[in-house]
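Everything on this sheet refers to the single structure shown next.
Remember, predicted model here, so these are calculated numbers, not experimental data. Residue numbers start from 1 in every chain, and the chains themselves are labelled A, B, ... in the order their sequence lines are given, proteins ahead of strands. Side-chain atoms are counted along with the backbone in the values below, which use heavy atoms only and exclude waters and symmetry mates.
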Number of protein chains: 2
Amino acid sequence: MLLRPCAFSKALARQKQFHIQTRSVSKFDIYGNSPVPANKKRFIPTSGTYPKGFLVGSTNVGIKPASKSQPDLILIASETYCHGAAVFTRNEFPAASITVSRDFLKRREGRGLRGIIANSWCANTLTGDVGIADATRMSKEAEKCLAGEAVDEESPSVMVMHTGTGGVRLPIENIVHGISKLHEGMGNSHDHWLEAARGLCTTDTFPKIISRTFTLPSSPDITYSIAGITKGAGMIHPNMATTLGIICTDAPISPVTLQKLLRAATNRSYNCISVDGDTSTNDMVAILANGAAGGKPISFHYSGRQKPIDYVSFRQILTEFMSDMAKLVVRDGEGATKFITIRVRGAPTYEASKHIASAISRSVLFKTAIYGKDPNWGGVLVALGQSLIDTRWDGMGMIALEKTSVSFIPGDGGQALKFLDKGKQGEVDPARAAEVMEQEDIEILVDLRDGEIVEGQELKEAVCWTCDLTHEFVDINGGFDTRT
Amino acid sequence: MLLRPCAFSKALARQKQFHIQTRSVSKFDIYGNSPVPANKKRFIPTSGTYPKGFLVGSTNVGIKPASKSQPDLILIASETYCHGAAVFTRNEFPAASITVSRDFLKRREGRGLRGIIANSWCANTLTGDVGIADATRMSKEAEKCLAGEAVDEESPSVMVMHTGTGGVRLPIENIVHGISKLHEGMGNSHDHWLEAARGLCTTDTFPKIISRTFTLPSSPDITYSIAGITKGAGMIHPNMATTLGIICTDAPISPVTLQKLLRAATNRSYNCISVDGDTSTNDMVAILANGAAGGKPISFHYSGRQKPIDYVSFRQILTEFMSDMAKLVVRDGEGATKFITIRVRGAPTYEASKHIASAISRSVLFKTAIYGKDPNWGGVLVALGQSLIDTRWDGMGMIALEKTSVSFIPGDGGQALKFLDKGKQGEVDPARAAEVMEQEDIEILVDLRDGEIVEGQELKEAVCWTCDLTHEFVDINGGFDTRT
């Protein structure tokens, strides 16, 4: 997320004393320093399998408040030059990291990259040319350490990411001095990766890290690894959420294919999540592939008459992997108490189903009701009806109330509650509904044709993930907490 | 607003006991029955000037909970058949009132209308054919009372409005019995109108009523009157908000002109407000013009070489009148503590400026920050940058950070705080900023060209109105209040 500009924080803190006293105290007393909430501990792995030929380091250079213990500067690098790709926020007023990284990636055409340097607690937005220079310097200093030689001044090989407070300048001298210290401590252990995940955190309540091994159809004897770290937790909405994501794999993938894969997987993962409907200025997800595990490069091109089976297989692997990363972001949405899956099926296309699911996922009334443990299926219908305004396909009569069913499916796999059955209210036991609404995970299934098969028409299904809107969310974003 | 379906309210109420005890108790203990908050009293007029030839009545037929004292059924009628027009929600799953009223209005082509019957506390959504039959019966029974004779079965002359809980049927027998009692008590006093305004309320904290007199250029000796009642306070977003609005005037206006006028004025008033971003199934604003004050009918057609000066004049009067009505809706947004004006100038067109203003007005992060008295101009920029995604004019280079200024203007007319000055951070005194953020009314001015005059290009300005997102909002919509 992009923390708000806080030039006025002290003056405002005085104004807020009254509110702090009258509101309950936030459980996130000091971001990044509080113990991980009990119900989030299960999301933090205690070990992992990390891709060959990558080194990870992190350090604390004093960007974050002094009271916090986690790192605020991290570097993830391949031991050799590798291929890379990235997707960036579509917000038209992007941070310096977006401008700089997009430029570097373009100049190198996705080849000859060394790594990614990222800082938390400073977003480097509204800093003009100085901000661009600072971001560029971060990249070059990191490259110098990694390469042990003079860098290519025109097209640095290290991408940059920022997250944190906007409108303030990076402490660039601290960062430059910190990089060499960070470089000395780099390694590829679980602890190295976990510490880097902690280093991305701001209002996150837990570090977000996933690793996995896989094989590809054409080389079943090679075990590849993929690992990723990501962050939440506010200003989260597609294109992109304010989130940062860094993914590394030791599979060999050609640059053009890597960009194509990342874009496709992002559209089904990070671009399917919403916490608060705001698209940040700093969002960026990048992938590095160094091929250190060997094998034939993955490419989407047909080779002879052979279908690109490795490409199809890896696209599925990457999409699932990135979906799991994106779900961790929602899981840690600011103040969230519920993890909500919105599944829409039966619209004319996947995009139409996703448009509807996304609209429901940002309905403030629906999300607030879910927080109140209210199975607000009426709110789902209102958001659905609203989402059809000005769509090209709404007038086709393909979506009608009398064909629509809405069910709430409990996270424990129990029986679905069908509140709306082809436009009519279903029979649902209130006691059972209350039980379901107590669960942390809830799926809303909106079936626009109630399973009806229309000949020649595929029933497209889309899934979005969101969380509830809570008192805690207002505490955090209204500044009614004890953040120092 | 559309209250949520509450079939599970009792079972859920038990679940919520815990939360009620741990959260501060809502100040809206029993909607519609609590005293008007001290800071809202100034919005309720103690007298008014009401249009000739209209009769207003209200009664209580037991739709609302027994503990509440205000009416839940109202009828506003012209003593003679008159002209009418209406705008309806664009939500694709509308309530029965929308379907029925749109149909009646179309059949009568805006002529020969008698009035509007409206109920609160039941939205008559998801009630199928029975709901349509109930709404139609309400209309016909009202017409029978008014006309004292058999009604036109094909095209009733009374429009219908509902607001309240969705998914439950109207107590139609109570309503039918109530209409004749209501009819006996009709009148045209301030008290009649005010009581009708109370009868539209649900989660509103105060009744919303405005009346005004005006003259027209071509008949300066005739004093016309216009009066309106409206309601909030949740599920409020353009096209339309869940709001109901009823406007009556004794000016003579031709039917086609009346519809054109209402649509134009709505686009600059009700379609410029947002409370929570949700567009309800029940939104409707209607106008009746009976010509009882005499004079020449207002028409948008040129008569000979004479410009339609009365039309232009009345369009301005109606737009200002409806803007004041719409602002009352925002003023009473669920849980709102701030009234926020978003003024955007310098986009290529009025529509482009409005698109940006509307995007800012629905930014959850911005609205929550304002509640926390944080001058979150960074959030304004994020929403602005996000609003440009996928617009046709974003690539024209017409909007750029280095041309953009953002100021906060206090409601007391004091000096503006220019936080962003042509893309650079402005110098603002923190103590003064804290003072400004204490005020109830705050205007955000986003100037995309900072006053720069571009030859041949009009600098279009648009205004939207919104409120903050508060703990109280979460209380109300999460059900954490003591509503019975």
Open item on the list: If you define the side chain from C-beta out and look only at heavy atoms, does anything of A:Asn477 sit under 4.5 Å from B:Lys367?
Closed with: no

TODO: Decide yes or no for B:His471 and A:Asp475: does some side-chain heavy atom of the first lie under 4.5 Å from some side-chain heavy atom of the second?
DONE: yes

Open item on the list: Within the structure provided, determine whether B:Phe473 and A:Val474 are in side-chain contact (heavy-atom separation under 4.5 Å).
Closed with: no

Task: Heavy-atom proximity to chain A below 4.5 Å, by part of B:Thr470 - done: backbone

TODO: Considering non-hydrogen atoms only, spot the tightest contact between B:Glu92 and A:Ile389 and give its length.
DONE: CG-N, 4.4 Å

Open item on the list: I want to check something: taking the side chain as every heavy atom from C-beta on, are A:Trp377 and B:Leu126 in contact at a cut-off of under 4.5 Å?
Closed with: yes

Open item on the list: Do A:Phe93 and B:Leu384 make a side-chain contact, defined as non-hydrogen atoms from C-beta onward lying under 4.5 Å apart?
Closed with: yes

- [ ] Mind checking the CG-CG spacing from B:Asn91 to A:Leu388? Nearest 0.5 Å is all I need.
- [x] 8.0 Å

